[in-house]
Amino acid sequence: AKSRDGWQWTSHEGIKAGLPCAGVIHPPQSVKNFDKVYDVVIIGAGYTGLTAARDLTAAGFQTLLLEGRDRIGGRTWSSEIDGYQFEMGGTWVHWFQPHVYREISRYGMKNELAFSPDYTHKKNYFSFVTEHGARNMSHEEEIALFSRAVEKFANVDGNLGKSVMPLPFDQYSNETVYSHATMSVADRLEQIKNDLTDDERNAISAVVLVCSGGTRENSSFLDFLRWWAAGNYNYPTLLETVLGIKLKCGQSAFALRFFQEAWSSRRLSYSFNTVVTQVDSSSRDMVTLDSRDGLTFRAKRVICTVPLNVLNKVRFHPSLSRAKLDAIRHKHVNQCTKLHAEIKDAEMRSWGGVTYPNNRLLLGAADGTTPSGNTHCVFFGCSENHIHAEDDIDETLKAVNAFAEMDVERLVSHNWSKDEFAEGAWVWYQPGAEAKYLGTLRERHGPVLFANSDWADGGWRSFIDGAIQSGTEAAFTVKNELRGAQRESSIKS
Ligand code: FAD
């Protein structure tokens, strides 16, 4: 089925909106009885919502899943085009990410893991294009350069950041971490500027901006330190964990496993194309939710998984705390552009590259071979020199060709900045915001719980792993509360 999301361009057909997606659910709505009071309503069918829906239905609770889009997966979804899986959002997974790997293993999908890099083809090099010109280097030289640069950047304590953040899944365990909490990427680059060669400065700037999707000024250093700590303070490990291993079947097939398991319990109801606009928890024992198209739903508990950058579009009664509203207004900075290009050259399969500072895309890497023998390359840009790829295809092709000459047959992408249900990509906080707002973002509002990868309490916050963690924890809390209530009422009767 085709989703409204995403777009593709080919030279013979131009731009077409919408892409095929296995995560589009038919029929889009299963709700029959609008008077029913559900145990739980979950807003959002991304990995946080899907995990919570799966766990709560398995535990015996009547659960309603409401989703504004026409598909599951949220910021993670894949599109199969001519037999090849293009990942529009979340892609790479790893056994070092405990929550996501547990699910891959649980669904018997370990045979679906595939490596993105493949250094067995002729064009086996890395293009490095800076203000000093373009040159190619081996992947070994690439790793050596980027490791040096990243280590200098992270080394705030003479111990590669390890004494400041010894436990990535408990980031504030050492209080000295707070002394770095308000530092931006630009501040950190300024601190180490005399210690960096031009190559190292360009390398670390590009890497951190690909991670943050923001600018050097508005991206927090602490978020990078957490990624670095979760990647075991080691560049090759971090690289493999965040860009190395994907699912052959595509992320939407993985997301479907969660949805189908919940559905097979017979306790799941769902409604797609249903945008929640208001959540009213002012009555003592029931939450009422209104949708944009005038529908009303009721439940004892709500798990709201609406992402940070669009949470201001939902009204809450009674009003949220001032601190939470402040956090929501603050938003996060990641406006990354992720773009796929199908290149008519099978030998590009071993290629990778960085262009900084003068290009509108920062990083490119070969990621697969399509059934027609073309190389699939994936590119990333950020808020610096930002590009809305579909608005100017010539400019986009120019940005791709700034890495190396490429004969592009197809472009595929999803504009996350213009997406009304995301307004950005994975979370990356402004300097100071993480330490200031994470606690309040995680706070519940009476019977309404807030869960999302954007404020997950783990080392892989901002990843699929964080979403699964957050959904698991919210479902666990709700399950225990509702079971407690069931026990109490059976004792009384
Ligand atoms: P979401 O996926 O955002 O789910 C929230 C859901 O709520 C959405 O479906 C949304 O439509 C819905 N919603 C919003 N508002 C409403 C409303 N008012 N009413 C009803 N429904 C609503 N992670 C990795 O682990 N590996 C990667 O390689 C990776 N790469 C990424 C690349 C990109 C370009 C992007 C954008 C993300 C990437 N991520 C990656 C991050 C990962 O995709 C997210 O962290 C994760 O998918 C978030 O899941 P979630 O359920 O918490 O939030």
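In what follows, residues are counted from 1 in the order of the sequence shown.
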Give me the ring orientation class for [X] and [Y]: parallel if the planes are under 30° apart, tilted from 30 to 60°, perpendicular past 60°.
{"X": "His386", "Y": "His388", "answer": "perpendicular"}
{"X": "His99", "Y": "Phe169", "answer": "tilted"}
{"X": "Trp416", "Y": "His414", "answer": "parallel"}
{"X": "Phe259", "Y": "Tyr270", "answer": "perpendicular"}

ask   = Given the rule in the side-chain hydrogen bond (donor to acceptor under 3.5 Å, both in side chains) test, do Ser212 and Ser219 qualify, once you have shown the distances and angles that lead to the verdict?
value = CA-CA 6 Å; Ser212 85; Ser219 303; 2.7 Å; yes
Option among Arg4, Arg69, Arg292 that satisfies the salt bridge (Lys or Arg N to Asp or Glu O under 4.0 Å) test with Glu420 =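 Among the candidates, only Arg292 passes.
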ask   = Between Ile72 and Leu50, does a side-chain contact (heavy atoms from CB on, under 4.5 Å) hold up when you go through it step by step?
value = CA-CA 8 Å; Ile72 57 170; Leu50 290 173; 4.1 Å; yes
Counting distance only, does the side-chain N/O of [X] pair as donor-acceptor with the main-chain N or O of [Y] below 3.5 Å?
{"X": "Asn452", "Y": "Asp454", "result": "yes"}
{"X": "Thr375", "Y": "Ile343", "result": "no"}
{"X": "Trp7", "Y": "Ala17", "result": "no"}
{"X": "Ser78", "Y": "Ser252", "result": "yes"}
{"X": "Gln430", "Y": "His330", "result": "yes"}
{"X": "Arg226", "Y": "Pro168", "result": "no"}
{"X": "Thr57", "Y": "Arg54", "result": "yes"}
{"X": "Lys479", "Y": "Ala474", "result": "no"}
{"X": "Asn218", "Y": "Thr215", "result": "yes"}
{"X": "Thr51", "Y": "Thr472", "result": "no"}

Between [X] and [Y], is the ring centre distance below 6.0 Å?
{"X": "Tyr101", "Y": "Phe96", "result": "no"}
{"X": "His376", "Y": "Tyr84", "result": "yes"}
{"X": "Trp351", "Y": "His121", "result": "no"}
{"X": "Tyr356", "Y": "Phe128", "result": "no"}
{"X": "Tyr119", "Y": "Phe126", "result": "no"}
{"X": "Trp227", "Y": "Trp428", "result": "yes"}
{"X": "His332", "Y": "Tyr429", "result": "no"}
{"X": "His94", "Y": "Trp92", "result": "no"}

query = Taking it one step at a time, do Phe297 and Tyr38 satisfy ring-ring contact (aromatic ring centres under 6.0 Å, His included)?
reply = CA-CA 8 Å; Phe297 307 94; Tyr38 290 90; 7.6 Å; no
Between [Y] and [X], is there a side-chain donor-acceptor contact under 3.5 Å, judged purely by atom types and distance?
{"X": "Gln251", "Y": "Tyr47", "answer": "yes"}
{"X": "Gln85", "Y": "Glu80", "answer": "yes"}
{"X": "Arg461", "Y": "Gln171", "answer": "yes"}
{"X": "Asp290", "Y": "Thr277", "answer": "no"}
{"X": "Gln29", "Y": "Ser271", "answer": "yes"}
{"X": "Thr237", "Y": "Asn232", "answer": "no"}
{"X": "Gln62", "Y": "Arg267", "answer": "no"}

Sidechain N-carboxylate O distance under 4.0 Å for [X], [Y]:
{"X": "Arg301", "Y": "Asp39", "answer": "no"}
{"X": "Lys418", "Y": "Asp391", "answer": "yes"}
{"X": "Arg102", "Y": "Asp465", "answer": "no"}
{"X": "Asp82", "Y": "Arg410", "answer": "yes"}
{"X": "Asp367", "Y": "Lys246", "answer": "yes"}
{"X": "Lys313", "Y": "Glu423", "answer": "yes"}

Value rounded to 0.5 Å, distance of CD in Gln8 from CD1 in Ile15 =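 Rounded to the nearest 0.5 Å, the CD-CD1 separation comes to 10.5 Å.
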request  = Drop me the distance from Arg71's CZ to Asn273's CG, to the nearest 0.5 angstrom.
outcome  = 11.5 Å
Closest approach of [X] to [Y] (non-hydrogen atoms, all atoms of both residues):
{"X": "Trp228", "Y": "Ala154", "result": "NE1-CB, 3.3 Å"}
{"X": "Leu268", "Y": "Ser30", "result": "O-OG, 4.4 Å"}
{"X": "Ile387", "Y": "Thr337", "result": "O-OG1, 2.9 Å"}

inquiry  = Assess the residue pair Glu390 and Asn415 against the criterion (side-chain hydrogen bond (donor to acceptor under 3.5 Å, both in side chains)); give the C-alpha distance rounded to whole Å, side-chain angles, the decisive distance to 0.1 Å, and a yes or no.
reply    = CA-CA 8 Å; Glu390 72 279 25; Asn415 189 327; 2.9 Å; yes
key: Glu261 vs Arg106, salt bridge (Lys or Arg N to Asp or Glu O under 4.0 Å): CA-CA, chis, key distance, verdict   = CA-CA 12 Å; Glu261 187 179 344; Arg106 186 174 178 276; 2.8 Å; yes
Pi-cation contact, Phe450 with Lys324 (under 6.0 Å, within 45°) = yes
query = Given Val378 and Lys338, is the side-chain contact (heavy atoms from CB on, under 4.5 Å) satisfied, shown in steps?
reply = CA-CA 7 Å; Val378 58; Lys338 181 180 185 187; 3.7 Å; yes
side-chain contact (heavy atoms from CB on, under 4.5 Å) between Thr355 and Thr130, worked out = CA-CA 6 Å; Thr355 56; Thr130 70; over 6 Å; no
